[in-house]
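A short worksheet on the structure shown next.
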Amino acid sequence: MVFHRSGNSYLLLLFVLMFIALSRAFAQAPTIIQSVITFPPPVTSMIGADGILNTGATSNNNETPIVYFSSNPSVAYIGTDGLIHVIAPGITTITASQAATAHYSAATQTQTYTIKETQTISFAAIIAKSVCQADFSVGATSSNTALPLIYSSNDTTVATISASGIIHITGAGTTTISVNQPGNNLFIDAPAQTQILTVVAPVPPLFAITTNASTVCTGAPVTFTVTLNNILSIVNPTYQWQVNGKNVGTNSTYTAPVASTDAIKCIVTNNDVCPSSASVSVTNTVTIPFTALTVSIQPSPVGPVCGGTPVTFTATPNPGGVSTTYQWKVNGVNAGSNNPVFSSTNFANGDVVTCTFTNNSIPCSVPAISNPVTVGIIAPSNPAPSVTISASANNVYAGSSITFTATPANAGNNPIYQWQVNGANAGTNSSVFTTAALANGNVITCTIQTGGCNAPVTSAPITATILPPVVVIPPNTFTPNGDGINDVWSIPALTAYPNCLVTIYTRYGSEIFRSRGYNSPWDGLYKGGKLPVGAYYYVIDLGNNKQPVSGYVAIIR
């Protein structure tokens, strides 16, 4: 079956179909929300310590981040962290934007920010000034030199301050100096700073005068000293001393002799910018007349003495006292001790001895110097005496007599001799000393005294060499037959006994030979004739208290 439609019906049908399609499409698509970015009301911001600008912008769209853009990066820029970084004072427009999403549309919003910088005033304390102080700068500074500082003084009767910060003192007292620095579109107002200025009137010196002694000897110097009690308030003080109204010294001390009636005054000036002076007088110094002392010294013994002889000096002072001192001097050099007696054995000829006497118990006494005494010392002989000794023999047998002879030189006419053996006195006062009692190694010396101031002198020593005793053993035979062999009774050991006595007897006791010493041995003869063969008896006295040697000797032919 075929349907025929008219043209209007067809158009109506087509419209209905399209409406149905569109309705279905709208029913399936989501709803898009308009993004709205909101800035808080604009405020003047100050550069913070962290350099981050907190814009506080918000949005109803929480699906995309807010992205910022700065119109003036020299004031603030957007960092890689997405934050706004403030770097300088000024004005910038921050644009905040969000991208569109499936649920929100894109959005853009702007806000203008004014960035200001802080100002810091540095204002040090003002030291105290005097009323004569010259104008001076207040010395305040600011971290911002582009804007002026504003100064004020709350008491202009003490000080005024110019627009450039110069303080002018007008009187004594205290005033508060204030420093301000108003801001502008780039800087905020600086907090006001204040300091107290103290202005003092001229400071007169406060001082006292002391003396090293209130009572002094006439003509003795007195030292007057100024002691400033307010020295910390005084600048470059100067001094003018006056004695009886006449100017004298200009130091903080004044030393000079004064009289009891003298009026001493010192004028001290504080040479601060406002000079100020004050004066103090001293009139209580008492002077005492001097008392002269005397002292004399006397040596003992008096007159020249030998060197090394002790000489004692005794001082006699006038007047004496319980608090006295003595200073002995030899040739002007201090010697001895604080004692009225001085003794020494070390004087040289011509030494001059004096004594200075002080009596501390008498005020204003003048130390006295004694009469000088010249010491006379007798010098030893020149050339000096000497003595040498010699021995008549040495290397002798025990018991042998040895004679020692002393030979003096430069010893005068009658020297005194003292012999010594091993340091012990021996012999007599003689230039000759003989002994037979020496032992081997004994040391013999001789000391002579020549008188005057010559010291005893001792000779060089002689050491005795004494041989040990020789044993005498005579032979008991000899043959006086003229053959030149054993013709005499030879006893060589007797040479050690030069003073021996040899006596020979017959068997009947008749003496047939006697010899003092045995320099000529017995030849077997008697009165020139030969004695018969046989035994003969002998006695040998060696001397020196030794036991005699006796026996027999036989003549054989």
Donor-acceptor check, side chain of [X] to backbone of [Y], threshold 3.5 angstrom: yes or no?
X	Y	value
Trp328	Thr356	no
Gln109	Ser97	no
Thr255	Thr223	no
Thr170	Thr157	yes

Can you confirm whether [X] sits close enough to [Y] that some side-chain heavy atom of one is under 4.5 Å from a side-chain heavy atom of the other?
X	Y	result
Val199	Thr174	no
Phe342	Val330	yes
Tyr254	Val248	yes
Trp241	Lys265	no
Phe69	Tyr77	no
Pro89	Lys116	no
Pro299	Val373	yes
Val282	Phe224	yes

If we ignore angles and hydrogens, is there a donor and acceptor under 3.5 Å between the side chains of [X] and [Y]?
X	Y	answer
Ser35	Asn61	yes
Thr92	Ser70	yes
Thr101	Thr64	no
Ser142	Asn144	no
Thr269	Asn271	no

> Between Gln34 and Ser105, does a side-chain hydrogen bond (donor to acceptor under 3.5 Å, both in side chains) hold up when you go through it step by step?
Replying inline: CA-CA 5 Å; Gln34 177 65 43; Ser105 64; 3.0 Å; yes

>> Before you tell me yes or no, could you show the steps for Asn230 and Leu232 under side-chain contact (heavy atoms from CB on, under 4.5 Å), namely the whole-Å CA-CA distance, both residues' side-chain angles and the distance that decides it to 0.1 Å?
In response: CA-CA 5 Å; Asn230 58 340; Leu232 296 179; over 6 Å; no

Can you see which heavy atom on [X] is nearest to which on [Y], and at what distance?
X	Y	result
Ile66	Ala57	CD1-O, 3.9 Å
Ala379	Cys453	O-CB, 4.3 Å
Ala384	Asn410	O-ND2, 3.4 Å
Ser277	Pro204	O-CB, 4.3 Å
Ile169	Phe136	CD1-CE2, 4.1 Å
Ser233	Asn270	O-ND2, 3.4 Å

> Could you go step by step and tell me if Thr198 and Lys129 meet the side-chain contact (heavy atoms from CB on, under 4.5 Å) rule?
Replying inline: CA-CA 6 Å; Thr198 300; Lys129 304 293 182 179; over 6 Å; no

> Roughly how far apart are Asn339 CG and Gln327 CD, rounded to 0.5 Å?
Replying inline: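 Reported value, rounded in 0.5 Å steps: 12.0 Å.
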
Could you pull out all donor-acceptor pairs under 3.5 Å where a side-chain atom in residues 364-371 meets a protein atom, sequence neighbours excluded?
residue, atom, partner, partner atom, Å
Ser365, OG, Asn359, O, 2.8
Ser365, OG, Ile362, O, 3.0
Ser370, OG, Cys355, N, 2.8
Ser370, OG, Cys355, O, 3.4
Asn371, OD1, Ile297, N, 2.9
Asn371, ND2, Ile297, O, 3.3

What side-chain donor-acceptor pairs closer than 3.5 Å can you find for residues 301-326, not counting sequence neighbours?
residue, atom, partner, partner atom, Å
Thr309, OG1, Cys306, O, 2.9
Thr312, OG1, Ser343, OG, 3.1

